[in-house]
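Report on one structure; see the data block that follows.
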Amino acid sequence: MTFTSIYIKLSQISILLPIVIGLIGFKQLNKPFRFLLYFFIFSGIVEIQASVFKSIISNNMPGLHLFTVVEFMAFSFTYYAYLSKHKNLKLIIPVNFLIFIALAFFDVFYLNGIWQPNTLSRTYASFSMVIYASVFFYYMLKEDLSYYSWQYPMFWISIGVLLYFSVNIFYFMMIRYLTANAVSVGRLGLYTHGFINLVANILYAQSYRCIQKQQIQ
């Protein structure tokens, strides 16, 4: 087994962190965090599917197209639950979801195809998630909080979202070009994605730990 494959496996396995901690405190979770937990479990299944497809047919892109849609839906639902009390966002988030679905459809059937990376829909999803997380922090800092910021579960989710999608957005956008024309840069992007994915999963796991601590208090 090469260093690269071990490195990628560790990054993939890190999804177990939010899954395990979320399942331990499952009864204390509200609807958005339960929905996110289901998404993390789905992510683990997709990681397995990707490894199987990669070893059998050397292509794991079909699962990535589905994963991107489910990922966008999960985080959109979560941010809608926390931001929909602001009237302007109550409409913007659902409309943006419909725009994303249209772009994902165009991506898979007309632009890139199911066997190629979904550069359009994944880039749009990343940009949207960065906006959602930034807006959440804006409103969180404006409100009179009962706890310190780092005691709120959504604080850690949003840190993970902001880190993961802002760092990887250009990698998602350029992956087809890098794979074909700049292999060494593409490999660097792959390593960066693996590391940021691991860090994001640690941050997501921390959000579930915050929920457990609030229940204990």
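The ring pair (Phe, Tyr, Trp, His ring centres under 6.0 Å) check on Y208 picks up F33, with sequence neighbours excluded. With sequence neighbours left out, the ring pair (Phe, Tyr, Trp, His ring centres under 6.0 Å) criterion links Y138 to no other residue.
Although no hydrogens or angles enter the test, the distance criterion places a donor-acceptor pair under 3.5 Å between the side chain of S14 and the main chain of S11. Judged by distance alone, with hydrogens and angles left aside, the side-chain atoms of R122 form no donor-acceptor pair with the main-chain N or O of F172 at under 3.5 Å. Between the side chain of D107 and the main chain of L103, no donor-acceptor pair closer than 3.5 Å is present. Here the side chain of Q212 pairs no donor or acceptor atom with the backbone of G22 at under 3.5 angstrom. Remark: the backbone N or O of Q116 is paired with a side-chain donor or acceptor of H65 at under 3.5 angstrom.
Under the 4.5 Å side-chain contact rule for hydrophobic residues, I175 and F165 share a cluster. At a threshold of 4.5 Å between side-chain heavy atoms, the hydrophobic network of Ile, Leu, Val, Met, Phe, Trp and Tyr places I202 and F155 in two separate groups. When the side chains of ILVMFWY residues are joined at heavy-atom separations under 4.5 Å, either directly or via intervening members, L17 and Y204 end up in two distinct hydrophobic clusters. Both L23 and I211 belong to a single network of hydrophobic side chains, linked directly or stepwise wherever heavy atoms of I, L, V, M, F, W or Y lie under 4.5 Å apart. In the hydrophobic clustering of this structure, Y171 groups with I169; members are Ile, Leu, Val, Met, Phe, Trp, Tyr whose side-chain heavy atoms approach within less than 4.5 Å, directly or through other members.
You'll find the side chain of Y152 stays beyond 4.5 Å of the side chain of C210, heavy atoms only. Considering only heavy atoms from C-beta on, L163 comes within 4.5 Å of V199 through its side chain. For the pair S134 and V130, the minimum side-chain heavy-atom distance is below 4.5 Å. Y124 is listed as a side-chain neighbour of N96, based on a closest heavy-atom distance under 4.5 Å. In this structure the side chain of M129 reaches within 4.5 angstrom of the side chain of S76, judged on heavy atoms. Using a 4.5 Å cut-off on side-chain heavy atoms (C-beta onward), N118 and V108 make no contact. Taking the side chain as every heavy atom from C-beta outward, V70 and F67 never approach each other to under 4.5 Å.
By the 30° and 60° cut-offs, the orientation of the rings of F97 relative to F100 is tilted. Relative ring orientation between F75 and F40 is described as perpendicular, the plane-to-plane angle rising above 60° on a 0-90° scale split at 30° and 60°. Aromatic ring orientation, Y79 versus F136: perpendicular (interplanar angle above 60°, classes split at 30° and 60°).
Here N88 contributes atom CG and L91 contributes atom CG; the two are 9.5 Å apart, rounded to the nearest 0.5 Å. Once rounded to the nearest 0.5 Å, the distance linking CD of E47 with CD1 of I45 reads 11.5 Å. The OG atom of S166 sits 8.0 Å away from the CD1 atom of I196 when rounded to the nearest 0.5 Å. Going from atom CG of L36 over to atom OG of S207 covers 7.5 Å, rounded to the nearest 0.5 Å. Here the CE atom belonging to M61 is positioned 13.0 Å from the CG atom belonging to L66, to the nearest 0.5 angstrom. I99 contributes atom CD1, which lies 10.0 Å from atom CD1 of I92 (distance to the nearest 0.5 angstrom).
Within a 6.0 Å radius of OH in Y139, more than 12 heavy atoms belonging to other residues, nucleotides or ligands are found. Around CZ of F127, the count of heavy atoms belonging to other residues, nucleotides or ligands within 6.0 Å does not exceed 12. Atom CZ of F26 has more than 12 neighbouring heavy atoms from other residues, nucleotides or ligands inside a 6.0 Å radius.
The heavy-atom pair separating A133 from S158 by the smallest distance is CB-O, 3.8 Å. For G160 against A200, the heavy-atom pair with the smallest separation is O-CB, 4.1 Å. Between P18 and L37, the shortest heavy-atom contact is O-CD1, 3.8 Å. Contact detail for M73 and F35: the closest heavy-atom pair is O-CE2, 4.2 Å. Here the closest non-hydrogen pair linking M154 and T78 is SD-CG2, 3.7 Å.
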Quiz item: What do the steps show when you test L190 against I8 for side chain to side chain contact (heavy atoms under 4.5 Å, CB included), and what is the final call?
Solution: CA-CA 9 Å; L190 179 65; I8 297 302; 4.0 Å; yes
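Separation of the F137 and Y132 ring centroids does not fall under the 6.0 Å cut-off. Under the 6.0 Å cut-off for aromatic ring centres, F105 and F109 qualify, their centroids lying closer than that. With ring centers used as reference points, F39 lies 6.0 Å or more from F77.
Side-chain atoms of Q206 and R209 include a donor-acceptor pair closer than 3.5 Å. Of the N and O atoms on the side chains of N112 and T119, at least one donor lies less than 3.5 Å from an acceptor on the other residue. Side-chain polar atoms of N201 and Y164 form no donor-acceptor pair below 3.5 angstrom.
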